[in-house]
Asker: 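Structure in structure tokens, see below.
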Number of protein chains: 2
Amino acid sequence: MRRDIPKDAVPMLCASCEGRNKGICSTLDCHQLHELVRSSRKSAVEGGAALLGEAERIDRYANILSGVVKLTKTLSDGRQQIVGHQFAPDFLGRPFRAESQLNAEAATEVVLCSFPREAIERMMQESPELERRLYKQALDELDEARDWMVTLGRKTASEKIASLLLMFARHAEPSGKAGRNFARFDLPLTRADIADFLGLTIETVSRQLTRLRNDKIICIENNRLIIVPDLRRLNARAGN
Amino acid sequence: MRRDIPKDAVPMLCASCEGRNKGICSTLDCHQLHELVRSSRKSAVEGGAALLGEAERIDRYANILSGVVKLTKTLSDGRQQIVGHQFAPDFLGRPFRAESQLNAEAATEVVLCSFPREAIERMMQESPELERRLYKQALDELDEARDWMVTLGRKTASEKIASLLLMFARHAEPSGKAGRNFARFDLPLTRADIADFLGLTIETVSRQLTRLRNDKIICIENNRLIIVPDLRRLNARAGN
DNA sequence: CGCGGGTTTGAATCATGTCAAGTTAAGTGG
DNA sequence: CCACTTAACTTGACATGATTCAAACCCGCG
């Protein structure tokens with residue numbers, strides 16, 4: 001390996017990186033970090049870009065440094081369903097499987113730090129902390145997927161919309177106190193995306209959004225910026 | 001610890017146990033197995049029994065040795081959704097969280113081998129193989145949950161029913177060649193369970209089942225035993 | 001100015017839910 | 001062995017929420 005960089009310092013690339021602070025890299029020591037950096041690659045992609053296709057070979061995993069990624073699945077006749085969203089500093093990838101079972105697409109502009117599959121898998125062998133960290137993320141994603149199953153299976157259209165807004169309100173809130181009762185955020189999804197996520201049509205999404213607006217639960221500016229004056233009222237609409 | 005049992009032998013309890021062969025215990029050596037056995041408890045519960053309540057403290061995890069467990073979530077007004085099923089030799093539990101976010105209920109008679117939470121968590125620290133095994137199960141469950149999200153969000157009632165039957169056909173097939181094109185199995189769920197899983201009503205479930213029967217895709221005997229003469233035709237109905 | 005993507009709105013249709021009877025099958029007790 | 005009960009399931013008629021199809025709108029951009 002290389003000698004010229006002090007082993008006890010964090011690589012420059014990582015010093016100010018969110019992945020390093022909160023993501024999976026927080027489990028790595030300086031040595032491991034240096035090793036990973038050697039094969040890692042930082043990249044930015046614009047919204048709408050495909051990151052990974054269904055049944056495609058996976059050769060790189062990545063950390064999401066900023067932006068929102070949507071995970072989708074498609075039926076043979078074209079019906080589509082979003083099965084999850086990932087935010088910084090999530091890890092993007094499905095260890096132990098060579099082929100992807102879903103599509104990953106940038107919903108907004110996304111910045112990634114990617115590394116070869118083998119690098120992560122080797123490091124996972126060496127570092128139980130890393131593996132545990134990944135395990136925990138998988139469990140969290142599982143909890144989340146199951147929550148959405150309830151929403152998809154049992155909620156009405158307007159409850160679905162309210163639930164979605166609530167999720168983004170929680171994620172967008174710039175780690176402001178959790179107790180906050182109002183929210184203001186950019187919806188990173190088109191109506192079509194929302195429909196795909198909630199198992200609805202764009203028309204129904206549109207109708208329910210205007211209903212929420214008429215009832216003064218939300219304000220919509222520029223079709224994208226959402227303002228929720230009273231999160232409790234929105235929560236009530238979400239059926240929880 | 002005890003001395004009279006040779007450390008290099010598999011504990012009697014485990015010798016013929018499915019968990020030992022295919023479950024998480026397959027990652028443990030004899031020593032670890034002996035340690036776990038000391039605090040483990042084998043139990044059988046009849047169908048319908050609650051294994052774990054929402055927001056309940058978790059103090060024991062378990063291996064499922066036989067039977068089917070259903071995992072459910074409930075909205076405040078009583079609407080219910082099944083969010084997953086577990087079969088032998090799955091591990092039942094949610095590490096790293098003291099409170100359950102879901103209900104677990106025996107769908108059929110179920111035999112469990114349970115152990116204290118701490119025992120597993122300690123052993124997870126010691127054995128990366130065990131942790132990896134659990135991680136893999138979590139990833140599989142995540143894949144499955146996402147598959148069902150597509151079904152819940154985008155499929156019609158009859159496609160949902162067909163998908164469910166297909167899942168049970170796959171799980172029930174006693175590891176007969178995967179290439180098998182017909183199946184015969186006991187439906188371990190009531191119509192109400194099916195409805196709760198697919199986000200439908202029992203009436204719709206009943207109607208779609210009779211439709212499948214009229215179309216000769218399935219035969220139903222005793223309201224419980226399902227025979228599928230041609231899995232490909234069923235698969236076509238499932239919208240894949 | 002007009003063009004196109006994303007969005008909203010309206011009216012008609014359809015799938016699924018709701019409500020209400022029946023049916024079947026499995027006890028249970030006389 | 002025969003009521004009687006009960007739970008699970010089926011079937012029918014009707015109501016309704018969501019989709020479909022069609023049209024209009026809005027707004028940034030060439």
Side-chain angles (χ1 to χ4, degrees), chain A residues 46-48 70 75 77-81 105 107-108 151-165 186-215 218-226 237 239, chain B residues 46-49 70 75 77-82 105 107-108 151-165 186-215 218-226 237 239:
Chain A
E46 81 276 28
K70 53 181 209 206
L75 294 175
D77 62 359
R79 281 175 286 176
Q80 204 180 49
Q81 174 71 45
E105 185 181 320
T108 62
T151 300
L152 287 173
R154 287 295 179 205
K155 290 191 185 174
T156 65
S158 54
E159 289 172 328
K160 287 180 179 178
I161 298 283
S163 304
L164 180 81
L165 293 179
D186 240 26
L187 241 199
L189 269 50
T190 66
R191 303 293 128 111
D193 283 335
I194 299 176
D196 278 350
F197 188 51
L198 299 175
L200 299 171
T201 59
I202 53 177
E203 294 94 331
T204 306
V205 171
S206 183
R207 281 186 245 275
Q208 299 303 333
L209 277 173
T210 58
R211 199 142 91 73
L212 284 175
R213 190 178 45 199
N214 290 340
D215 297 356
I218 59 172
C219 300
I220 306 180
E221 245 150 68
N222 286 340
N223 265 338
R224 274 306 174 83
L225 180 71
I226 306 283
R237 286 287 187 117
Chain B
E46 81 275 29
K70 53 181 209 209
L75 294 174
D77 62 358
R79 281 174 286 176
Q80 205 180 48
Q81 174 70 46
I82 297 183
E105 185 182 320
T108 62
T151 300
L152 287 173
R154 288 294 179 207
K155 290 191 184 172
T156 65
S158 54
E159 288 172 330
K160 287 180 180 180
I161 299 283
S163 304
L164 181 82
L165 293 179
D186 239 27
L187 240 199
L189 269 50
T190 66
R191 303 293 129 113
D193 283 335
I194 299 176
D196 277 349
F197 189 50
L198 299 175
L200 300 170
T201 59
I202 54 177
E203 294 94 333
T204 306
V205 171
S206 183
R207 280 187 246 273
Q208 299 303 333
L209 277 173
T210 58
R211 198 142 92 72
L212 284 175
R213 189 179 46 199
N214 289 341
D215 296 355
I218 59 172
C219 299
I220 307 180
E221 244 151 67
N222 286 341
N223 266 338
R224 274 305 173 83
L225 179 71
I226 306 282
R237 287 288 188 118

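Basis for what follows: all heavy atoms, side chains included, without hydrogens, waters or symmetry-related copies. The chains referred to below are lettered A, B, ... by the order of the sequence lines, with proteins before strands, and numbering in each begins at 1.
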Asker: What do you reckon, is CZ of B/Arg224 surrounded by more than 12 foreign heavy atoms closer than 6.0 Å?
Answerer: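 Atom CZ in B/Arg224 is crowded, with more than 12 foreign heavy atoms closer than 6.0 Å.
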Asker: Under the side-chain hydrogen bond (donor to acceptor under 3.5 Å, both in side chains) rule, collect the residues that match up with B/Asp215, sequence neighbours excluded.
Answerer: B/Arg237
Asker: For A/Glu46, check side chain to side chain contact (heavy atoms under 4.5 Å, CB included) against everything at least two apart and list the hits.
Answerer: A/Ala49
Asker: Just so I know, are the side chains of A/Ile220 and A/Ile226 near enough to count as touching, which here means a heavy-atom distance under 4.5 Å?
Answerer: yes
Asker: Mind checking what makes side chain to side chain contact (heavy atoms under 4.5 Å, CB included) contact with A/Thr108, not counting sequence neighbours?
Answerer: A/Val68, A/Val110, A/Pro188
Asker: Can you sort out the partners of A/Lys155 under side-chain hydrogen bond (donor to acceptor under 3.5 Å, both in side chains), two or more places apart, ordered by chain and number?
Answerer: A/Ser163, A/Asn240
Asker: Test of understanding: with side-chain hydrogen bond (donor to acceptor under 3.5 Å, both in side chains), list the residues that count as partners of B/Asp77, not counting sequence neighbours.
Answerer: B/Arg79
Asker: Which pairs would a plain distance check flag for residues 198-206 of chain B, meaning a side-chain donor or acceptor within less than 3.5 Å of a matching protein atom at least two apart in sequence or in another chain?
Answerer:
| unit_1 | atom_1 | unit_2 | atom_2 | d |
| --- | --- | --- | --- | --- |
| B/Thr201 | OG1 | B/Thr204 | N | 3.3 |
| B/Thr201 | OG1 | B/Thr204 | OG1 | 2.9 |

Asker: Write down the protein N/O and nucleotide N/O pairs, taken from nucleotides 23-28 of chain D, whose separation is under 3.5 Å; answer none if there are no such pairs.
Answerer:
none

Asker: Near DNA chain D, counting only heavy atoms under 4.0 Å, which residues of residues 188-204 of chain A show up?
Answerer: A/Gly199, A/Leu200, A/Thr201, A/Glu203, A/Thr204
Asker: Could you give the start and end, 5' to 3', of the contact zone on DNA chain C for chain A, using atoms under 4.0 Å from its heavy atoms?
Answerer: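 Endpoints of the contacted stretch of DNA chain C: C/dT7 to C/dA11.
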Asker: To the nearest Å, how far apart are B/Leu225 CG and D/dA8 P?
Answerer: 20 Å
Asker: Among residues at least two apart in sequence or on other chains, which ones pass side-chain hydrogen bond (donor to acceptor under 3.5 Å, both in side chains) with B/Thr210?
Answerer: none
Asker: Rounded to the Å, how far apart are B/Ile220 CD1 and D/dC9 P?
Answerer: 11 Å
Asker: Does anything in residues 193-202 of chain A pair up under salt bridge (charged side-chain N to carboxylate O under 4.0 Å, His left out), and if so which pairs, sequence neighbours excluded?
Answerer: A/Lys70-A/Asp193, A/Asp196-B/Arg154
